[in-house]
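Since this is a predicted model, take the numbers as computed values, not measurements.
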Amino acid sequence: MTIAHISAGAVAHRNDDHVAVFNHGGATDILVIDGGTSVAEGDYLDPIHGDVTWFVHSFTAALEHQLRPERSQQECVQAAVDGVRARFEEITDRTAVPLHAWPIAALTWIRIGKRDGRQCASLYGLGDCKSLLRTAAGACIDLDPFVNPQDAVLQAEIAKLRAKGVTDPVERRERMLPMLRERRKFQNTQPAPAVLCLHPNGAFNARIRNIDLEAGASLLIMTDGFYRLVDPYGRYTDSGLADACIERGLPAMLDELRTYEAVVGSTGARAVKAADDASAAIWTA
């Protein structure tokens with residue numbers, strides 16, 4: 001079994017993504033986390049690295065302490081968030097932090113272990129990270145074909161602004177901030193949150209799937225910033241991306257992503273940001 005991973009911010013010295021690998025009790029846990037870009041006026045928890053980075057790394061550290069063979073992934077996530085929220089309330093007055101400034105994140109957690117003598121994986125997904133299974137025969141399977149309903153809303157708003165002549169990504173984001181902040185409030189107050197958040201009002205509405213892993217299989221887990229090589233840039237299919245990551249390695253693929261974004265110059269035409277933090281992990285049996 002081999003695991004490789006990479007994580008890089010879209011700009012220097014700032015990265016709201018995170019990848020972590022834990023081994024315990026005969027299981028291997030791979031976490032890929034994509035922190036939601038802040039829509040706040042500033043940072044309240046960590047003025048150096050940012051509140052989103054604080055949340056992502058605090059959750060990862062808390063989760064590591066909650067890992068138990070007898071606990072479900074849902075139970076571990078809930079316990080970890082409870083711990084992070086307690087720390088949040090220790091270091092700041094929660095009433096002083098507007099709801100739209102409360103950090104959120106997308107999370108894909110794949111736990112690899114054995115069941116009935118066979119290698120298997122359990123997927124736990126919140127938000128829009130991507131998970132691909134490449135079989136020993138070379139087929140590629142999307143393990144979590146989630147479509148973010150907010151994408152259509154954003155595209156419609158971007159199209160309206162483009163029709164008004166607003167094409168600069170920075171200006172466009174400023175125009176969209178009120179809508180983005182209302183969306184963040186909504187995500188932070190749902191009774192069954194579909195994203196990782198500080199104060200869930202109920203159990204997380206995670207997507208859960210169990211998969212048998214045959215010899216020679218590989219898993220590619222990534223944030224949507226890395227998946228831009230497929231959507232929206234169209235440089236690869238799912239299968240082609242999985243093959244290229246395995247054959248060329250993650251650093252080469254990240255270089256290709258950043259080079260494309262730098263050279264083309266119009267990558268922000270269909271997105272709120274011209275470039276995004278990008279992270280990925282590959283597990284090979």
Side-chain angles (χ1 to χ4, degrees), residues 3-9 13-38 40 43-94 97 101-113 121-129 131 184 187-188 193-200 203-204 206 208 219 221-226 250 277-283:
I3 300 173
H5 56 84
I6 197 168
S7 183
H13 313 301
R14 196 86 177 210
N15 184 8
D16 293 335
D17 283 4
H18 189 44
V19 179
V21 178
F22 302 121
N23 293 290
H24 69 99
T28 297
D29 292 305
I30 304 171
L31 279 79
V32 174
I33 310 178
D34 182 356
T37 303
S38 176
D43 293 304
Y44 297 84
L45 304 166
D46 187 337
I48 297 175
H49 301 102
D51 290 358
V52 179
T53 298
W54 176 90
F55 176 56
V56 165
H57 285 261
S58 295
F59 170 78
T60 305
L63 183 68
E64 183 178 11
H65 292 292
Q66 298 298 331
L67 297 175
R68 305 283 190 282
E70 69 278 4
R71 272 186 176 176
S72 69
Q73 289 167 288
Q74 180 81 299
E75 291 170 331
C76 292
V77 168
Q78 186 66 57
V81 164
D82 289 346
V84 176
R85 183 173 63 256
R87 179 61 181 151
F88 166 73
E89 293 174 346
E90 283 177 9
I91 63 178
T92 188
D93 177 5
R94 61 182 289 180
V97 183
W102 286 33
I104 65 168
L107 161 70
T108 288
W109 170 10
I110 291 187
R111 169 174 282 177
I112 299 169
S122 299
L123 182 150
Y124 180 97
L126 290 167
D128 55 4
C129 294
S131 300
R184 192 59 51 86
Q187 291 171 303
N188 272 308
V195 295
L196 193 68
C197 60
L198 269 173
H199 202 300
F204 287 105
I208 297 171
L219 292 167
I221 311 110
M222 71 203 104
T223 61
D224 64 344
F226 193 92
L250 295 177
D277 303 337
S279 301
I282 294 178
W283 173 92

message: Just verifying a value: how many Å separate D51 CG and S38 OG, rounded to the nearest 0.5 Å?
response: 6.5 Å
- line: Between V19 and S279, the two heavy atoms sitting closest are CG2-CB, 3.7 Å
- prompt: Pairs in or reaching into residues 65-82: which pass salt bridge (Lys or Arg N to Asp or Glu O under 4.0 Å), with residues at least two apart or in two chains?
  reply: D82-R85
- request: Write down the atom of V195, the atom of G127, and the distance for their closest heavy-atom approach.
  value: CG1-CA, 4.3 Å
statement: Those residues at least two apart in sequence (or on a different chain) that pass side chain to side chain donor-acceptor pair (under 3.5 Å) with T92 are none
With T223 via side chain to side chain donor-acceptor pair (under 3.5 Å) - residues at least two apart: D17
- line: Between V56 and A105 the two heavy atoms that sit nearest each other are CG2-CB, 4.3 Å
Pairs where residues 18-29 contributes a residue and the test salt bridge (Lys or Arg N to Asp or Glu O under 4.0 Å) is met, not counting sequence neighbours: D29-R111
message: According to side chain to side chain donor-acceptor pair (under 3.5 Å), who are the partners of S122, at least two apart in sequence or on a separate chain?
response: N210
message: Holding to side-chain contact (heavy atoms from CB on, under 4.5 Å), I want the full list of residues that pass it with A8, two or more places apart in sequence or in another chain.
response: L254
- line: The complete set of side chain to side chain donor-acceptor pair (under 3.5 Å) pairs with one or both residues in residues 53-65, sequence neighbours excluded, reads D16-T53
Minimum side-chain heavy-atom gap L198-P103 below 4.5 Å: yes
Between CD1 on residue I282 and CD1 on residue I3, distance to nearest 0.5 Å: 11.0 Å
task: Using the test side-chain contact (heavy atoms from CB on, under 4.5 Å), find all partners of N188 that sit at least two apart in sequence or belong to another chain.
output: L99, W102, I104, R184, C197
- line: Minimal heavy-atom distance between P200 and V81, with the atoms involved, is CD-CG1, 3.8 Å
4.5 Å side-chain heavy-atom contact, F204 and P193: yes
task: Calculate, to the nearest 0.5 Å, the distance between atoms CG and CD1 belonging to D277 and I33 respectively.
output: 13.0 Å
field: L196 CG to F55 CZ distance, which is reported to the nearest 0.5 Å
entry: 4.0 Å
query: What are the two closest non-hydrogen atoms of V32 and C129, and how far apart are they?
result: O-SG, 3.9 Å
statement: Residues passing the salt bridge (Lys or Arg N to Asp or Glu O under 4.0 Å) test with D224, sequence neighbours excluded, are none
field: Within 6.0 Å of CD1 in I91, more than 12 heavy atoms from elsewhere
entry: yes
message: Applying the side-chain contact (heavy atoms from CB on, under 4.5 Å) criterion to W109, which one of I30, I221, L126, V77 satisfies it?
response: V77
query: Do you know the tightest heavy-atom contact between L250 and A280?
result: CD1-O, 3.6 Å
- request: Kindly compute the distance separating OG1 (T108) from CE (M222), expressed to the nearest 0.5 Å.
  value: 9.5 Å
task: List for me each residue that meets side-chain contact (heavy atoms from CB on, under 4.5 Å) alongside A62, sequence neighbours excluded, and say none if there are none.
output: A80, V84
message: List the residues meeting side chain to side chain donor-acceptor pair (under 3.5 Å) with H199, not counting sequence neighbours, and say none if there are none.
response: none
